[in-house]
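Accompanying notes for the structure given below.
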Amino acid sequence: VQLQASGGGLVTPGGSLRLSCTASTTDFDYRKRAWYRQGAGKQRELVATISRDGPKKYADSVKDRFTILRSSNWRSVFLQMDALTPEDTGVYYCNAGGSWSGGVYSPGDFWGQGTLVTVSS
């Protein structure tokens, strides 16, 4: 399966963006999808996860500002980002096939190509 991420761009602080991640097929059985991000000079960090049966989890840094959503057929996952700050700047990657274990999320093998989000005045 291939993942196509889109929706990044330049936004002013306090603004909003909606990222999309669409899989090339619905014929896959990955039960979890996730968004990661990587700022300049920083390690890639987990932003949010969503399970096929519904549960969602967020990094503390984005809780109450970002919302992870899914399409009904599980082909697309979205990241609605509100109240953006310059600290949210980075390349955002979608991922499929990961899992939670002991409170730690391990990414799956499938990554989108990344979409750049820049928050600046």
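Every heavy atom of this structure was used, including side-chain atoms; hydrogens, water molecules and symmetry mates were not.
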Side-chain heavy atoms under 4.5 Å apart, restricted to Ile/Leu/Val/Met/Phe/Trp/Tyr: what other residues fall into the cluster of Leu69, or is it alone? Phe78
Just to verify, what does Arg18 make a side chain to side chain donor-acceptor pair (under 3.5 Å) with, not counting sequence neighbours? Gln80
Would a single hydrophobic cluster contain both Leu3 and Val91, if residues Ile, Leu, Val, Met, Phe, Trp and Tyr are joined by side-chain heavy-atom contacts under 4.5 Å? no
Give the table of side-chain donor-acceptor pairs shorter than 3.5 Å for residues 103-121, with sequence neighbours excluded, one pair per line with atom names and distance.
unit_1	atom_1	unit_2	atom_2	d
Gln113	OE1	Ala5	N	3.0
Gln113	NE2	Ala5	O	2.7
Thr115	OG1	Gly8	N	3.0

Crowded around Asp64 CG? As in, over 12 foreign heavy atoms under 6.0 Å? no
Roughly how far apart are Arg37 CZ and Arg44 CZ, rounded to 0.5 Å? 13.0 Å
Donor-acceptor contact below 3.5 Å, side chain Arg70 vs main chain Arg52: yes
What residues, two or more places apart in sequence or in another chain, satisfy side chain to side chain donor-acceptor pair (under 3.5 Å) together with Asn73? Ser71
Quick check on the hydrophobic clustering: are Leu17 and Tyr58 connected, directly or via other members, by side-chain heavy-atom contacts under 4.5 Å? yes
Let me confirm one number: the CZ-CG distance from Arg65 to Leu84, rounded to the nearest 0.5 Å. 6.5 Å
Which residues satisfy the side chain to side chain donor-acceptor pair (under 3.5 Å) test with Ser6, sequence neighbours excluded? none
Donor-acceptor pair, distance only, cut-off 3.5 Å: does the side chain of Trp74 make one with the backbone of Arg31? no
Out of curiosity, Thr49 OG1 to Asn95 CG, how far, rounded to the nearest 0.5 Å? 10.5 Å
Among Val77, Ile68, Leu79, Val47, which residue meets the side-chain contact (heavy atoms from CB on, under 4.5 Å) test with Leu19? Leu79
The test is side chain to side chain contact (heavy atoms under 4.5 Å, CB included); show your working for Met81 and Val62 and say whether it passes. CA-CA 8 Å; Met81 306 186 295; Val62 307; over 6 Å; no
Sequence neighbours excluded, the answer for side chain to side chain donor-acceptor pair (under 3.5 Å) partners of Ser51 is none
Heavy-atom count around Gln2 CD within 6.0 Å, excluding the residue itself: above 12? no
The test is side chain to side chain contact (heavy atoms under 4.5 Å, CB included); show your working for Arg33 and Cys21 and say whether it passes. CA-CA 10 Å; Arg33 308 271 291 272; Cys21 176; 4.1 Å; yes
Taken to the nearest 0.5 Å, the spacing of Lys32 NZ from Lys57 NZ works out to 8.5 Å
Out of curiosity, Lys63 NZ to Lys56 NZ, how far, rounded to the nearest 0.5 Å? 14.0 Å
Determine whether Trp35 and Val1 fall in the same hydrophobic cluster, where Ile, Leu, Val, Met, Phe, Trp and Tyr are linked whenever their side-chain heavy atoms lie under 4.5 Å apart. yes
